[in-house]
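When reading the values below, keep in mind they use all heavy atoms of this one structure, side chains included, and skip hydrogens, waters and symmetry mates.
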Amino acid sequence: MIYRSVDDFRMSSDDDSTPAKRICLESKSDNIDVADTLKNIQSNFPFFSQPKRIGSFGVDKEKNVSLEKEFKKLLNSDLNDLLYHRSDKNWNSSVPENVIDLKSGFKEWHDSFIFQSSVDDYRGLSPLIKWIQLTEKGIKNVDFVCWRGTLTRIASTPFEKQDGWKLICTRNGNTTFVSEIRTDKKMKNEATMTQRQLEMMYWGYNFEGYCCSATNTVNNKEQNGKKDWCVVFEAKLVDLNLMFAGEVDCSRPECDELIELKTSRIWTGAQSERSFYRYKAQKWWLQSFLVGIKDIIAGFRDDDGLVKQFTRVPVASLPRKSFSALRSESWNASQCFNFLHYFLSKLQSHLITKPKEVFMYEFLPEEKVIKISSCKESKERQIFVDSLALIAPDT
């Protein structure tokens with residue numbers, strides 16, 4: 001199926017119709033001018049198959065990869081019942097029966113919090129490559145291997161005005177491997193986080209803990225231990241076969257449907273509603289749509305970290321509601337996915353003649369340009385290259 005409008009954002013099966021034609025990749029320079037690219041790509045939503053779950057793995061705080069299922073998290077049964085069986089029909093919202101204070105436990109967490117530098121914390125594709133090795137999953141027919149977050153970052157580029165990105169890329173056999181590293185700006189922001197910023201980051205962790213806690217409590221020790229559950233997917237974007245993994249918050253207990261958990265400031269008027277659709281809705285939609293998630297469980301909280309409302313947000317509604325709120329200033333889902341396909345195709349055509357060479361692709365939002373260069377020696381580059389040695393090409 002080829003998606004034709006924001007009203008048609010449901011997943012398709014591979015046999016629905018003929019995929020869209022491959023985009024022309026002719027360019028006068030190696031660098032990519034994002035603005036010029038957007039003028040030439042098609043307007044219809046490109047073919048994107050139903051993402052297929054092909055496995056999962058856990059990563060503990062020591063970064064060990066495990067195939068055991070104890071890492072999997074379930075939406076707690078009371079919240080599942082509240083939002084799926086007893087809520088109203090207006091975005092399925094419910095008011096918490098008890099006060100949920102996301103600040104609870106912050107001091108203990110903060111006292112034990114050790115901020116790792118971006119380089120020290122860099123894992124690259126190592127966990128995903130380790131899963132491929134452990135499961136002996138073949139990648140002969142896979143065009144790209146990466147994280148879900150990398151696809152989200154690329155797809156959001158047409159409407160990104162502040163945050164750049166850097167990608168390390170190489171081709172090994174028939175497959176292109178792509179890994180994101182932090183930009184200098186992001187490293188600086190992380191190193192200078194204020195107490196308030198750390199507190200709000202903790203609120204997100206605590207909300208996940210509450211939603212996945214069998215006892216309906218915040219500040220549960222299991223969540224603060226931070227074990228990640230990652231699911232691996234396969235999907236086809238036009239003519240490109242993708243394998244990617246993403247950390248998944250939880251699934252529903254009765255049907256194993258994947259759920260994304262988010263917090264956001266409660267709306268106090270038209271301005272705060274527009275702010276939500278302008279700055280959050282696009283990434284919420286991209287993160288969920290890429291892995292076939294249908295619902296986001298959102299906790300709308302006040303400035304003191306008190307959750308005032310639980311809301312089940314249908315992922316398919318976000319492009320339409322964003323356009324309704326923002327009109328001509330709205331992000332466009334079709335442009336996001338068409339740009340994603342264009343960029344990946346451009347990347348593939350560049351690397352296919354330079355196997356095993358490592359390149360850096362860097363998006364500069366102030367210039368609306370993606371610069372391409374040979375990747376210099378660095379700790380991140382070495383980790384990235386070493387991880388690929390775990391698997392043989394064309395397996």
Side-chain angles (χ1 to χ4, degrees), residues 31-35 59 61 63 102-103 106-107 109-127 146-169 178-208 224 226 228 246-247 262-265 275-276 278-284 286-287 303 305 331 343 358-387:
N31 294 337
I32 301 172
D33 187 306
V34 175
V59 182
K61 60 184 179 180
K63 305 176 187 177
L102 298 179
K103 299 190 302 297
F106 173 73
K107 185 179 185 304
W109 175 85
H110 182 267
D111 289 346
S112 62
F113 179 76
I114 301 175
F115 184 81
Q116 292 181 298
S117 72
S118 298
V119 174
D120 291 338
D121 195 40
Y122 177 73
R123 295 180 297 175
L125 294 175
S126 299
C146 62
W147 290 102
R148 183 258 311 259
T150 300
L151 298 176
T152 299
R153 191 81 67 190
I154 297 167
S156 64
T157 300
F159 303 95
E160 183 56 65
K161 298 179 180 179
Q162 295 183 349
D163 296 329
W165 46 254
K166 286 183 178 180
L167 305 178
I168 302 179
C169 314
V178 186
S179 175
E180 182 181 4
I181 64 173
R182 290 173 173 89
T183 63
D184 293 341
K185 178 182 176 181
K186 188 166 186 178
M187 286 193 288
K188 181 179 179 180
N189 289 341
E190 289 177 342
T192 57
M193 289 180 73
T194 65
Q195 180 89 352
R196 177 67 171 176
Q197 289 171 323
L198 282 170
E199 188 175 81
M200 294 179 73
M201 181 174 72
Y202 173 76
W203 293 353
Y205 292 152
N206 226 358
F207 183 72
E208 291 179 22
N224 291 339
K226 199 56 182 143
D228 297 334
E247 181 188 346
K262 297 288 188 183
T263 60
S264 185
R265 189 176 186 275
S275 178
F276 168 81
R278 184 187 303 277
Y279 299 110
K280 288 199 172 185
Q282 179 197 26
K283 290 181 180 178
W284 283 24
L286 281 169
Q287 288 175 341
D303 292 334
W331 54 276
F343 176 82
V358 183
F359 288 87
M360 176 78 75
Y361 282 67
E362 181 176 8
F363 171 55
L364 304 175
E366 63 279 2
E367 300 177 31
K368 276 293 181 180
V369 167
I370 298 171
K371 292 191 174 182
I372 307 169
S373 61
S374 179
C375 186
K376 298 178 181 179
E377 291 294 335
S378 65
K379 185 173 181 179
E380 293 102 326
R381 183 190 190 280
Q382 195 60 51
I383 292 172
F384 175 68
V385 172
D386 288 348
S387 68

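In this structure, H110 and Y202 have side chains that are not in contact, with every pair of non-hydrogen atoms separated by 4.5 Å or more. By the 4.5 Å heavy-atom criterion applied to side chains, S378 and F384 are not counted as neighbours.
Shown here are the side-chain contact (heavy atoms from CB on, under 4.5 Å) partners of S373, two or more places apart in sequence or in another chain: M360. Annotation: salt bridge (charged side-chain N to carboxylate O under 4.0 Å, His left out) contacts of E199 (sequence neighbours excluded): R196. Applying the side-chain contact (heavy atoms from CB on, under 4.5 Å) criterion to S126, with sequence neighbours excluded, gives I383, S387. For K103, the salt bridge (charged side-chain N to carboxylate O under 4.0 Å, His left out) partners two or more places apart in sequence, or in a different chain, are D101. For K107, the salt bridge (charged side-chain N to carboxylate O under 4.0 Å, His left out) partners are D111, not counting sequence neighbours.
When all heavy atoms of W165 and E180 are compared, the pair lying nearest together is CB-OE2, 4.1 Å. Pairing each heavy atom of W147 with each of G246, the nearest pair is CE3-N, 4.3 Å. In plain terms, the two heavy atoms of K166 and R182 that are nearest each other are CD-O, 4.4 Å. When every heavy atom of G204 is checked against every heavy atom of T263, the shortest pair comes out as CA-OG1, 4.4 Å. The two residues Q162 and K185 make their nearest non-hydrogen contact at O-NZ, 3.1 Å. Minimum interatomic distance between V178 and C169 (heavy atoms only, all atoms of both residues): CG1-SG, 3.9 Å.
At distances below 3.5 Å, not a single donor-acceptor pair connects side-chain atoms of R265 with backbone N or O atoms of D303. In terms of modelled atom types and a separation under 3.5 Å, the side chain of D228 and the main chain of V59 share no donor-acceptor contact.
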Let me check something: any side-chain donor-acceptor pairs from residues 361-371 under 3.5 Å, sequence neighbours excluded? List them with distances.
from	atom 1	to	atom 2	distance (Å)
Y361	OH	H350	ND1	2.5
K368	NZ	T157	O	3.2
K368	NZ	P158	O	3.1
K368	NZ	E160	O	3.1

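One distance of note links OG1 of T150 with CD1 of I168; it measures 10.5 Å at 0.5 Å rounding.
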